[in-house]
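Contents: one structure, followed by commentary.
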There are 4 protein chains.
Amino acid sequence: MTQNQNQILSSVKNAELVEKRRNQMIKGAITLFKEKGFHRTTTREIAKESGFSIGTLYEYIRTKEDVLFLVCDAIYEQVHERLESAIDLENPSVTNLEKVVESYFYLMDEMQEEVVIMYQEVKSLKKDTKEYVLQKERDMVGMLEKVIVTCLPHEISKQDAELMANNIFIQGQMWGFRRWVLQKQFTLKEYIDRQIHYLMASLAIDRTIVKDKEA
Amino acid sequence: MTQNQNQILSSVKNAELVEKRRNQMIKGAITLFKEKGFHRTTTREIAKESGFSIGTLYEYIRTKEDVLFLVCDAIYEQVHERLESAIDLENPSVTNLEKVVESYFYLMDEMQEEVVIMYQEVKSLKKDTKEYVLQKERDMVGMLEKVIVTCLPHEISKQDAELMANNIFIQGQMWGFRRWVLQKQFTLKEYIDRQIHYLMASLAIDRTIVKDKEA
Amino acid sequence: MTQNQNQILSSVKNAELVEKRRNQMIKGAITLFKEKGFHRTTTREIAKESGFSIGTLYEYIRTKEDVLFLVCDAIYEQVHERLESAIDLENPSVTNLEKVVESYFYLMDEMQEEVVIMYQEVKSLKKDTKEYVLQKERDMVGMLEKVIVTCLPHEISKQDAELMANNIFIQGQMWGFRRWVLQKQFTLKEYIDRQIHYLMASLAIDRTIVKDKEA
Amino acid sequence: MTQNQNQILSSVKNAELVEKRRNQMIKGAITLFKEKGFHRTTTREIAKESGFSIGTLYEYIRTKEDVLFLVCDAIYEQVHERLESAIDLENPSVTNLEKVVESYFYLMDEMQEEVVIMYQEVKSLKKDTKEYVLQKERDMVGMLEKVIVTCLPHEISKQDAELMANNIFIQGQMWGFRRWVLQKQFTLKEYIDRQIHYLMASLAIDRTIVKDKEA
DNA sequence: AATGAATGAGAATTCATTCAT
DNA sequence: CATGAATGAATTCTCATTCAT
């Protein structure tokens, strides 16, 4: 359980149980949200899909929106973890930057449906929880930004770094988001390769030369 | 009225009136959808905001989803028109490409909320109408792609052109979509300038030299 | 126009026109009521089927129920006329009685759907109009009763005559009403023949003997 | 609960409770349908009359039409049971036939309003359920037919037996259906007596003789 | 802790009727 | 007289949430 889940009140005291039940709930809810979206999914369905009764569902949350929050939080948590483990700022290099971007794109491929959920449903969260979730998004863009700044061989303005990070961020999401268009024309590998190619080009980096040097 | 609106049946025969009322409806609905999204907006609210009764609303549509379709259709129609009028393929040049991209970004700034609606609600359309709307989106990316191919001084593969078009497309939307992040760090002008800068860089074009030549 | 239709107020003064329009209306309404019943038919549909607009419909009636009344009235009027023309009390005879019953059964065959409408919808009329329509029904049973009393060679109590008249009356309707059962087992001719056979038997009349005598 | 009620889905799992609630519902609905018919009765009224909330009503049915089906099914079930218990085919005799017909007429007197409901509303059922209910009606006519065939001292054709059964069937219903006419002229006893008299006469049976013999 | 029956506010949609043109 | 757009009360059905067991 992420620390954040504590924002959601539960009548049940046993923390382990709360975590277990909520994980069931998140899993079930994601399955359903993928299919029909948050609004078209009922709490009864969520309970059933999660393997317990509607009464039990409400022992672990207060409102339906809480489920959405848990789902969004879980998704970002997963992205965050994976991204973090892909980043190694000890040995910064352009190759390293490429590796991170590549990992991120692979991750987005794996999680495309989850990401689509977020895109389409975060807005349904109430102010506070929305703010919370959006902050996590910003954190992740921040991580990409840091990698860019650290790994580039030359200086880049804070603003430009942020722009590039945002671009990478949404290009990753785009793969899932605009899949009907893109996945008809590109394999995942091709997509990643071309996006990284243009990214490096825009950073005025000759990939072959740089790689040679590093080698 | 776009021809597509004929897909939506109306009990009212007078075509002019249908167009007028539907425009009221679209305007009212967009206002509400911006605020609370499609699902949290009731048909009664739409009727009221549009300036007529619930009964009258249903003289011009069959279901609530029809309103969403009308809204999506209207938004894309507007983007399409504006984009079309910005494109001039008679005198292709890199400057021309830049101009188109610039216009597109300005447009996305004006229509940011409308675009957010689309992003978040298209999914709620039923198969047929969704397919219809997504096709319109593809058309627009196609327009950008054509501009890229035509205006670039050198050859570019079909695949790469499509990728760039998609990138531009979502970078425009991103300005509205991720406004909380971006609009804190960039003015619109700055955003457009830097995005175009990187776009040109990634296309391996030295903007100053090209512009000099053209001049 | 039957005199009774004057119970229904019309804004239109021209009596001929009122009659014409109401006949259109009755025809249209019967078509629809057969299909879907009174409650599932809308006034808009009645107007359309009748060949004029909803506004025009309401120039000739006050409420939807008026249409039902007109329909019921028209149906009974038709039955009444036909029954009357089949009855010839100048030369009473058992054969004559048989003829009347036969005519009535043929009529019920022709009008089976109209009769079903009445059976199922009269109840939806308001007190006054319902009373009016039921009186017409009683009149018709009364006609049958009179034929029985007049044509039988022997005395029959008023009560028994009424009972027989009612029996005949509903046996005629039953042909349409329970058509799914009866029309599978009987041709119309067979049905009429057997019903008359039993009718005469119950009146203790040997048909062949009586007929011989008459001849 | 008749087995047939299982055709109607309920969200509630506890079968006993389902039966109890549905019986409340049927009772409440019949009261209302008697008064105003199916179409003029709202689901809210049914819920209230049944003693629970509208939400609870819909836990036990899917649509308003389900209530009608439940009502029709319950009515026929009751008629069926009563008819069955009145029939004793072990000792067939004309007196026995008379007894069955008598019981049936008494039953129709008790259930006149329920029967009127059926007559007027069955048509509102959708194809499948209507077919189902009509089959039950046929079953009951079949029971009467069997009694006729078994109890008569002489042979009677299948067709004629069926005709008589149908006649008896609707003569019973007629007592409730045309009550405004008949109940003014007849007591129940008189009605039954005369109908049975004519029935036996039409079957060419001298009641006094037959009864003497049996005695 | 778990269950699931009960609740009722709220939502979409329909349709008889009116009335200005 | 004819039209048909406008109206809004009424209706069916849903679903988040509660609470007694």
Side-chain angles (χ1 to χ4, degrees), chain A residues 10-14 17-18 21 39-48 51-67, chain B residues 10-14 17-18 20-21 39-48 51-67, chain C residues 10-14 17-18 21 39-48 52-67, chain D residues 10-14 17-18 20-21 39-47 51-67:
Chain A
S10 164
S11 317
V12 177
K13 298 304 165 200
N14 180 338
L17 190 53
V18 171
R21 291 277 179 261
H39 283 103
R40 295 204 197 281
T41 302
T42 69
T43 50
R44 274 164 128 129
E45 289 170 321
I46 296 171
K48 194 172 181 191
F52 35 71
S53 71
I54 183 65
T56 301
L57 183 76
Y58 274 88
E59 292 290 313
Y60 295 92
I61 53 161
R62 288 275 167 244
T63 71
K64 186 185 174 191
E65 219 209 88
D66 284 353
V67 180
Chain B
S10 165
S11 314
V12 175
K13 297 299 172 65
N14 181 334
L17 191 55
V18 171
K20 181 179 153 196
R21 292 276 178 266
H39 284 104
R40 294 204 198 282
T41 302
T42 70
T43 52
R44 292 192 119 80
E45 289 170 322
I46 296 171
K48 195 171 181 189
F52 33 70
S53 71
I54 184 65
T56 299
L57 181 76
Y58 275 91
E59 291 288 305
Y60 294 93
I61 52 160
R62 289 266 173 259
T63 68
K64 187 185 175 191
E65 217 212 270
D66 283 352
V67 180
Chain C
S10 164
S11 317
V12 176
K13 296 305 164 198
N14 180 337
L17 190 52
V18 170
R21 291 275 180 264
H39 284 103
R40 296 205 198 280
T41 302
T42 69
T43 50
R44 272 162 128 132
E45 288 170 321
I46 296 171
K48 194 172 181 191
F52 36 70
S53 71
I54 182 67
T56 300
L57 183 76
Y58 274 89
E59 291 291 312
Y60 295 92
I61 52 159
R62 288 276 166 245
T63 71
K64 186 186 175 190
E65 217 210 270
D66 284 352
V67 180
Chain D
S10 165
S11 315
V12 174
K13 296 300 172 67
N14 180 337
L17 191 53
V18 171
K20 180 179 154 197
R21 292 276 179 264
H39 283 104
R40 295 204 197 283
T41 302
T42 70
T43 51
R44 291 191 121 82
E45 288 171 322
I46 296 172
F52 34 70
S53 71
I54 183 66
T56 300
L57 181 75
Y58 276 91
E59 290 288 307
Y60 294 92
I61 51 160
R62 289 267 173 257
T63 69
K64 187 186 174 189
E65 217 211 272
D66 283 353
V67 180

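Every chain is numbered from 1, with letters handed out A, B, ... down the list of sequences.
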Taking only Watson-Crick and G-U wobble pairs with both distances under 3.5 Å, what dot-bracket line describes DNA chain E, where [ ] shows pairs that cross earlier ones and | shows pairs with another strand?
.||||||||||||||||||||
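Between the C:S53 side chain and the C:A47 main chain, no donor and acceptor come within less than 3.5 Å of each other.
Atom CD in A:E45 sits about 11 Å away from atom C1' in F:dT14, given to the nearest Å. The CG atom of C:D66 sits 13 Å away from the P atom of E:dA16 (whole-angstrom rounding).
Using a 4.0 Å heavy-atom distance criterion, C:S11 is classed as making no nucleic acid contact. Among the heavy atoms of the strands lying under 4.0 Å from A:K13 are primed sugar atoms or P, OP1, OP2 only; no base atom is included.
A:E45 and A:R40 get closest at one heavy-atom pair: OE1-O, 3.8 Å. In terms of heavy atoms, C:T43 sits closest to C:L57 at O-CD2, 3.6 Å. When every heavy atom of A:V18 is checked against every heavy atom of A:V12, the shortest pair comes out as CG2-O, 3.5 Å. Closest non-hydrogen pair, B:H39 versus B:K64, comes out as O-NZ, 3.8 Å.
Here the CD1-OG1 distance, from D:I54 to D:T56, works out to 9.0 Å after rounding to the nearest 0.5 Å.
For the pair C:R44/B:S11, a side-chain contact is recorded, criterion being any heavy-atom separation below 4.5 Å from C-beta on.
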Summarise how protein sits on nucleotides 6-13 of chain F as a single string, 5' to 3': B when a protein heavy atom is under 4.0 Å from the base, S for sugar-phosphate-only contact, - for no contact.
SBBBBSBB
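The aromatic rings of A:F52 and A:Y60 sit tilted, their planes meeting at an angle between 30° and 60°.
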